[in-house]
Amino acid sequence: MVELSSEVSAEFPPGVAAPGGWRGFVDSDLWWSFRHSPVTVIAAIVALVIIAGAVFAPWVAPHDPFDLASLNLLDASNPPAWMDGGSWSFPLGTDNQGRDVLSAILYGTRLSLLVGVFAVAMAMLLGVTLGLIAGWKGGLTETIIMRVADVKLSFPAILIALLIDGVARGILPREAQAEIAPYVLIAAIALSFWVQYARTVRGMTLVERNKEYIQAARVIGVRPARIVFAHLLPNVMGPVLVIATLNLALAILTEATLSFLGVGLPPTQPSLGTLIRVGNDYLLSGDWWISIFPGIALALLILSVNLLGDWLRDALNPKLR
């Protein structure tokens, strides 16, 4: 103990704290890897700009696309500002109802992000919990959970989401469907993505539960629930965060796909997928901007999030350092 204290005091003089917090993060391998990856930096900037625009949409959007009193049908189908007949009041033009396309994209991105974030959070919570239970309990419990996961993997995620959404629409009253559509969509996407978390956490739990620190906790009488959530859970969260980052892009894309097919968010709550679907009806009539610009915004958001997820996966893998 004396030798250890002398080493610590020699490395960190009195009055100087050990690296931690922001200083520790700046000196970490993760930050170094981020700074030395130009593609990741650009992706982070693009994602930050899009997310900031969505979060602060009520303040940065030129118009409120949900304010019906401010809409004017005489402004419908105006082209972008740099084209003949365009106006800088509507930088990216207007749609068939006179809504500003730029404002609709900002508000639509907000809805898409909300659905994606909450769906991923719900899938992560469900998958991590089931994975911990399966890996810790073993036996029949593990068999049942993993067989359910195997059955789920035999169906594409989009079909599961369509099935859940269709069942909800058949059970719920028609007048309430528009109001609870976002919640149904979140649940449908979450139930489509939980398997990845469960299988990953279950495999890591099988490895970690036989290590010395878990055995030591058992010997001193720590309750199983505390061992699982205080000791096991922090050691399996690295891969879980990588999966969550990649699944965020998939969740946003799934929401856009469902909305494009007409079974996602209603036209009164337009997401990026809904905007693309509405614009698709006018694509051949020459009003290409109604669909193209929301599509570009969706592509940039998904691409930037995917690039960040790929970087995080490599940065947290010690074999690639």
For Tyr197 and Leu125, what are the C-alpha separation, side-chain angles and deciding distance, and is it a side chain to side chain contact (heavy atoms under 4.5 Å, CB included)? CA-CA 9 Å; Tyr197 301 97; Leu125 178 63; over 6 Å; no
Side-chain touch [X]/[Y], heavy atoms, less than 4.5 angstrom:
X      : Y      : value
Trp194 : Met122 : no
Leu206 : Glu142 : yes
Leu275 : Phe293 : no
Leu233 : Val228 : no
Pro182 : Leu185 : no
Ile252 : Leu113 : yes
Met204 : Val240 : no
Phe193 : Thr254 : yes

Considering all heavy atoms of both residues, which atom of [X] and which atom of [Y] are nearest to each other, and what is their separation?
X      : Y      : result
Ala61  : Tyr107 : CB-CE1, 3.8 Å
Gly295 : Ile276 : CA-CD1, 3.7 Å
Ala190 : Ala123 : O-CB, 3.4 Å
Ser291 : Gly279 : CB-C, 3.5 Å
Ala134 : Met146 : CB-CE, 4.2 Å
Ala244 : Met124 : CB-SD, 4.1 Å

First locate atom [atom1] of [X], then atom [atom2] of [Y], and finally report the distance between them rounded to the nearest 0.5 Å.
X      : Y      : atom1 : atom2 : answer
Arg199 : Leu130 : CZ    : CG    : 13.5 Å
Asp281 : Ile290 : CG    : CD1   : 9.5 Å
Thr205 : Leu232 : OG1   : CG    : 5.5 Å
Ile214 : Asn235 : CD1   : CG    : 7.5 Å
Leu92  : Asn78  : CG    : CG    : 12.5 Å
Ile227 : Glu208 : CD1   : CD    : 13.0 Å

Are [Y] and [X] connected into the same hydrophobic cluster when the rule is that any two of I, L, V, M, F, W, Y join if their side-chain heavy atoms are below 4.5 Å apart?
X      : Y      : value
Phe260 : Leu300 : yes
Ile133 : Val195 : yes
Trp311 : Val49  : yes
Tyr282 : Met83  : yes
Leu258 : Leu250 : yes

Are there over 12 heavy-atom neighbours, none belonging to [X], within less than 6.0 Å of that residue's [atom1]?
X      : atom1 : answer
Gln215 : CD    : yes
Arg226 : CZ    : no
Tyr213 : OH    : yes
Arg110 : CZ    : yes

So, applying side-chain contact (heavy atoms from CB on, under 4.5 Å) with Val60, which one of Leu102, Val55, Leu106 is it?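 Among the candidates, only Leu106 passes.
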Just one of Leu301, Leu303, Leu307, Leu308 clears the side-chain contact (heavy atoms from CB on, under 4.5 Å) bar with Val305, so which one?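 Per the side-chain contact (heavy atoms from CB on, under 4.5 Å) rule, the option paired with Val305 is Leu301, out of Leu301, Leu303, Leu307, Leu308.
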Could you verify whether a donor N or O on one side chain and an acceptor N or O on the other, from Glu255 and Ser259, lie under 3.5 Å apart?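 Side chains of Glu255 and Ser259: pair found under 3.5 Å.
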Asp100 side chain to Ser103 backbone, donor-acceptor under 3.5 Å: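 The answer is yes, because a donor-acceptor pair under 3.5 Å joins these two groups.
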Is it the case that the side chain of Ser271 and the backbone of Ser112 share a donor-acceptor pair, with hydrogens and angles ignored and the cut-off at 3.5 Å?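 Answer holds: no.
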